[in-house]
Amino acid sequence: MTEKSSMQSDYESFLHAACDRLGYSKSTLSLLSLAALEIKVEIPIIRDNGELAVFSGYRVQHQNVRGPCKGGLRYHPKVDIDEVRGLASLMTMKTALADIPLGGGKGGIRCNPRELSRRELEVLTRKFVKRIHREIGPNSDIMAPDVGTNAQVMGWIHSEYSAIYGHSPAAVTGKPLALGGSAGRDKATGHGIGIVVKTYAERYGTPLEGATVALQGFGNVGFHAAKALCDLGMKIVAVSDARSAVYHEDGVDIAALAKQKSERGLLADVDGYEALDPGAELEVECDYLVPAALDGVITKENAPRIKAGVIVEGANGPVTSEADVLLHERGITVVPDILANSGGVIVSYFEWAQNLQREVWPLKRVDDELERILTNAARHVFDHAAQAKLDLRSAAFDIAVRRVKEALDASGI
Ligand code: NAD
């Protein structure tokens, strides 16, 4: 099995354990393991150099019993059906844990967006929508940004879908504000990580002022998480992106690193910061480790070397199921992805609801509602973990799986 396919097998192992604890049947387990619909399309485009290139695109709709499928669209060279399948399943659990009326889906195009021009990316995105438009939409499946995509890509999806069906802003979230995007969506996932960390620290009585953080990934989630954690008085000692990693024991300057990355495309070479080898940022001495890049980065190989006290899963699936067991044995707490990074889908839900109701919420309303929903979800997980003597991931899965099962039962499936 390749490392990529572990995304789905990790999900299945967490799901299997939850169904065992909850006493659910094998048929429930298989229903929650399988996706309702899997689409694969080939997308030909003419490159800027006049040559034809063909890219594989995927969309997986895992469950829609609690609401339309919801989940990001990823542009990355390692996208494949197993990865998309695993990510779609996680979205079902994430929306259920947040208790918002949506299901789970995910998509991706196997490409390197860094190697495509803006025109090529636009053509690729529009053609993908042309291929799958019958299966997506405000009442069936709503895409959003993920690795390698952003508000601009969502704007193209909105435009292409609306050209077919008429103005349909609720068909996609994470759009530019000018096209009906929501205030606060851009920062939502990272901002939500701050809310979850604050709620965790309050519950477990751990001080945040001066607590140290190592962060993997400095994209949408990583950057906004860094800002939110700094606002809580925490100190970011290590940061990495795909090509570089830096460390300073007194803390790095997030604004300076963001400026340098936008000007030079690299985090490295800041005066006084130590350059780290790729992956070493996961193993530095710190209170909190926030992997916010890709899945499967904390494995049974490096888990014994992790020195953080708490891992907060900013990315989807950064800790493999085998590593999860080892970390638990070592007394390292893992705040699971379906809770930690759910701020993004919660604000996507607000965007969808605003679009359907032709409303525009001010940022304060978005922030307040996000804080309310996410704090409730986190407290529910912490309470259930304490009552049932479970780790946080098991507690979160139990709550989510139970909610999806209740909806399946109520709908007569
Ligand atoms: P992004 O494309 O904006 O950023 C990804 C970052 O990871 C970039 O800084 C990239 O350089 C870095 N990276 C890639 N490979 C790396 C490596 N090997 N080592 C270190 N850094 C590496 O993507 P994003 O939207 O920030 O998403 C990151 C993760 O968060 C993904 O797992 C995604 O599924 C998850 N997530 C995103 C959202 C969202 O709203 N964007 C919501 C929930 C979860």
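We're numbering straight along the sequence, starting at 1. All ligand and atom numbering here is 1-based and tracks the order in the structure.
Closest heavy-atom approach to atom 42 (C) of ligand 1 among the candidates N150, I193, T189, L215: T189. When the options G217, A293, G317 are ranked by their closest heavy atom to atom 28 (C) of ligand 1, first place goes to A293. Nearest to atom 4 (O) of ligand 1 by heavy-atom distance, out of G219, G279, A340, is G219. The closest non-hydrogen atom to atom 27 (O) of ligand 1, taken over V147, L267, L90, comes from V147.
Here is the list of ligand 1 atoms found below 4.0 Å of a heavy atom in A315: 29 (C), 30 (O), 32 (O), 35 (C). Taking every non-hydrogen atom of L294 and a distance limit under 4.0 Å, the qualifying atoms of ligand 1 come out as 15 (N). Heavy-atom proximity to R185, at under 4.0 Å, picks out these atoms of ligand 1: 40 (O). Atoms of ligand 1 lying under 4.0 Å from at least one heavy atom of N220, given by number and element, are 3 (O), 25 (O), 26 (O), 41 (N). For ligand 1, the atoms lying closer than 4.0 Å to a non-hydrogen atom of R74 are 31 (C), 32 (O), 33 (C), 34 (O).
By the 3.5 Å distance cut-off applied to N or O atoms, K94 is not counted among the residues near ligand 1. When only interatomic distances are considered, the shortest N/O to N/O separation between V221 and ligand 1 falls below 3.5 Å. Considering backbone and side-chain atoms alike, N341 places every N or O at 3.5 Å or more from each N or O of ligand 1. Inclusion of A242 in the set of residues having an N or O under 3.5 Å from an N or O of ligand 1 is warranted. Not a single N or O atom of L87, backbone or side chain, sits closer than 3.5 Å to an N or O atom of ligand 1. Looking at F218 next to ligand 1, an N or O pair under 3.5 Å apart turns up.
If you check which protein heavy atom lies closest to atom 34 (O) of ligand 1, you get D146 OD1, 2.7 Å. Nearest protein neighbour of atom 2 (O) of ligand 1, counting heavy atoms only, is G148 N, 3.0 Å. In terms of protein heavy-atom proximity, atom 35 (C) of ligand 1 is nearest to N316 ND2, 3.7 Å. Among all protein heavy atoms, the one lying closest to atom 20 (C) of ligand 1 is D241 O, 3.1 Å.
In this model, a donor atom of one side chain and an acceptor atom of the other lie less than 3.5 Å apart for S182 and Q354. Side-chain contact annotation: N341 with N316, donor-acceptor N/O pair under 3.5 Å present.
Under 4.0 Å from ligand 1, not a single heavy atom of A188 appears.
For H224, the ring pair (Phe, Tyr, Trp, His ring centres under 6.0 Å) test picks out no residue, with sequence neighbours left out.
Using a 30° and 60° split on the angle between ring planes, F397 and F14 fall in the tilted class, from 30° to 60°.
At a 4.0 Å cut-off, not a single heavy atom of G72 sits close enough to ligand 1 to count as contact.
In terms of modelled atom types and a separation under 3.5 Å, the side chain of Y161 and the main chain of K130 share no donor-acceptor contact. In this structure a side-chain-to-backbone donor-acceptor pair under 3.5 Å is present from Q61 to E135. In terms of modelled atom types and a separation under 3.5 Å, the side chain of Q260 and the main chain of L267 share a donor-acceptor contact.
Cation-pi contact between R185 and F350: absent, since separation from the ring centre below 6.0 Å together with deviation from the ring axis within 45° is not met. A cation-pi geometry, defined here as NZ or CZ lying under 6.0 Å from the six-membered ring centre and within 45° of its normal, does not hold between K261 and F218.
For atom 18 (N) of ligand 1, the nearest protein heavy atom lies 4.0 Å away or farther.
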Should F55 and F128 be marked as a ring pair (Phe, Tyr, Trp, His ring centres under 6.0 Å) after you check the CA-CA gap, both sets of side-chain angles, and the distance that decides it?
-> CA-CA 10 Å; F55 298 90; F128 182 55; over 10 Å; no
Steps toward side-chain contact (heavy atoms from CB on, under 4.5 Å) verdict (K405, Y24) | CA-CA 9 Å; K405 171 77 160 61; Y24 291 165; 3.6 Å; yes
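Looking at D295 and R74, a side-chain N of the basic residue comes within less than 4.0 Å of a carboxylate O on the acidic one, giving a salt bridge. Salt bridge annotation for K175-E351: present, with a cationic side-chain nitrogen under 4.0 angstrom from a carboxylate oxygen.
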